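Scroll down for the structure; my scribbles are underneath it.
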2 protein chains.
Amino acid sequence: MLDATRDLIEGGGYFGAGLNQVVAASGAPRGSLYFHFPGGKEQLVGESVRRAGREIGDVARELAEAAPDAVGLVTGMLALLGDRLEESGWRRGCPVATVALEMAATSDPLQEVCSEVYGSWEGTLRDRLAADGHPEPEDTAVAVLALVEGALLLARAHRSREPLERVTRRVAALL
Amino acid sequence: MLDATRDLIEGGGYFGAGLNQVVAASGAPRGSLYFHFPGGKEQLVGESVRRAGREIGDVARELAEAAPDAVGLVTGMLALLGDRLEESGWRRGCPVATVALEMAATSDPLQEVCSEVYGSWEGTLRDRLAADGHPEPEDTAVAVLALVEGALLLARAHRSREPLERVTRRVAALL
DNA sequence: ACCTCATAATAGATCGGTCTACATATTTTA
DNA sequence: TAAAATATGTAGACCGATCTATTATGAGGT
C-alpha cells in the first residue's frame, strides 16, 4: 500500500493519489487500509513520503561516500534523477515536492514530514561539504538542494532533460 | 473568477482549487463559470496560471531594468517573494509550481501553459544576463530560476524564510 | 425578437471514511 | 488436551459529502 501510494503521489501529489486507486493498485481491500493506517489518508501519505524520502536519502548518502568531490555527488544525483524522470514519462520527480507544495499550509503533520525529509537531505549534503572544507557548508547545502529540486520541477514542466543538463553544467559555480 | 482561482491554486494547487470554492469566493454563480470557460476547470486554471505568470513576469521585467546587476535582480525577487510568502502564512509561493508538478504528466494543455510561463521567465533572465555580458546566459538563467523555485519550495516545506536567506547569500556564486 | 449573460437546481461520478461479517491464528481456561 | 475466548487481519458493501459538469430559466440591453 505504501509503495502504491508513493507511485500515485509522484504522479499527481496528495490529491492525485485517490484511496480507490491505492487499494486497486495494491490489491488490498478498503478495510485493511484503515486497520493499518487508522489515521486515514493523511497518515498513509505521511508514512509513504517518509519512506520514499529515506530511500532517496540512502542513495544520496552512498553517493556522497563514493563520489570524489561534491560536484560529482550532485551531478551523479542529477543524472540518476534524470533517468528516473525520463524513463517514467516525466512522472517520477521528487516524491516530496508535490505533497509539500499542496499540503504545507493545510496539514501540520504532512508539513512536518516534508520538512524533516528535506532537513535530512540537507544534512547529508552539508556533512559532505563540511568534510571537504567548504567555506559555507550550510548555506551551500540548502542552495544545492534548492537547485536540484528546482531543476526537477522545470524538467517536469518542460517535459525535457534540458533543465537538468543546464543545471549540471552550472552547479560547479555554486560549489 | 480568475483571481479567486489563483488564490486557491497558490494554496493547494489544481485539486486544492475546488470549483465550489471558486464560485463562492468570486461571488459568481455556477453556470456563469461554464459560460465564460466552456473548457471547464482545465481552461479556468490554465488561464489563471497564465495570468499569474504574466503578472510575476512583469514584476521581474521591471526589476530587471531597475536593478544595477543580475545579483540585485535575483535578490530583489527573492525578497519580494519572501514577503509575499511569509505574509500569507506560507500559502502564496509560486502560482505555477504546484500545478506544474500535479498536472505535468496528466494534462497536456496545463503542461503547455506551465512550460510557456517558465520559458518566458527564463527569457527575461537570460536577456538581462546576456546584456551584462555573462559568459553562459542560457544555462545560468535556467539555473537561477531553478534555484529560486527550489528556494520557494523549501521555504514552504519548512515554513521559514531561512532557505530564501541562505540562497540569497549564495546566489552571487552562480552569477 | 434576439443575443448576452446571470442564476440556481440538479445530475452523475468520485471522494475519504465507516460498517459488519468473516477467516485465521494465538492465548486462555477447564 | 480440548474447547472457548481473544487477537489479528481480510474483505467488500455502504455512507454522506463533495466533486465537476449540465441543464433550464429568465433578466437586460440592442
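We name chains A, B, ... by the order of the sequence lines, and we start the count at 1 in each one. Source: prediction; values computed, not measured.
Counting heavy atoms from C-beta on, the side chains of R128(A) and D132(A) come closer than 4.5 Å.
The stretch residues 8-21 of chain B touches DNA chain D through A17(B), G18(B), L19(B), N20(B), Q21(B), each having a heavy atom within less than 4.0 Å of the strand. Within residues 43-53 of chain B, no residue has a heavy atom under 4.0 Å from DNA chain D.
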- Query: Does the pair L101(A) and L101(B) meet the rule for a side-chain contact (heavy atoms from CB on, under 4.5 Å), with working shown?
  - Reply: CA-CA 9 Å; L101(A) 288 179; L101(B) 288 179; 3.8 Å; yes
- Take T106(A) and Q111(A) through the side-chain contact (heavy atoms from CB on, under 4.5 Å) test and state the conclusion after the steps. CA-CA 8 Å; T106(A) 306; Q111(A) 180 269 336; over 6 Å; no
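For the pair L33(B) CG and dT7(C) P, the computed distance is 13 Å after rounding to whole Å. Regarding Y34(A), its OH atom lies at a distance of 17 Å from the P atom of dT20(C), rounded to whole Å.
The minimum heavy-atom distance between L129(A) and A70(A), with the atom names listed, is CD2-CB, 3.6 Å.
For W121(B) (side chain) and G53(B) (main-chain N/O), a donor-acceptor pair under 3.5 Å exists by modelled atom type. Using modelled atom types, one side-chain atom of T168(B) and one backbone atom of L164(B) make a donor-acceptor pair closer than 3.5 Å.
Connection of V22(B) to L110(B) is not established within any shared hydrophobic cluster, with ILVMFWY side chains joined at heavy-atom distances below 4.5 Å, either directly or through further cluster members. Y34(B) and Y14(B) sit in two unconnected hydrophobic clusters of ILVMFWY residues. Membership requires side-chain heavy atoms under 4.5 Å apart, directly or through other members.
Once rounded to the nearest 0.5 Å, the distance linking CG of L44(A) with CD of E42(A) reads 11.0 Å. Rounding to the nearest 0.5 Å places CZ of R169(A) at 9.5 Å from CD of E138(B).
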For nucleotides 7-12 of chain D, which of its nitrogen or oxygen atoms have a protein nitrogen or oxygen under 3.5 Å away, and what is each distance?
from    : atom 1 : to     : atom 2 : distance (Å)
dT10(D) : OP2    : S32(A) : OG     : 3.4
dT10(D) : OP2    : H36(A) : NE2    : 2.8
dG12(D) : O6     : G31(A) : N      : 3.2

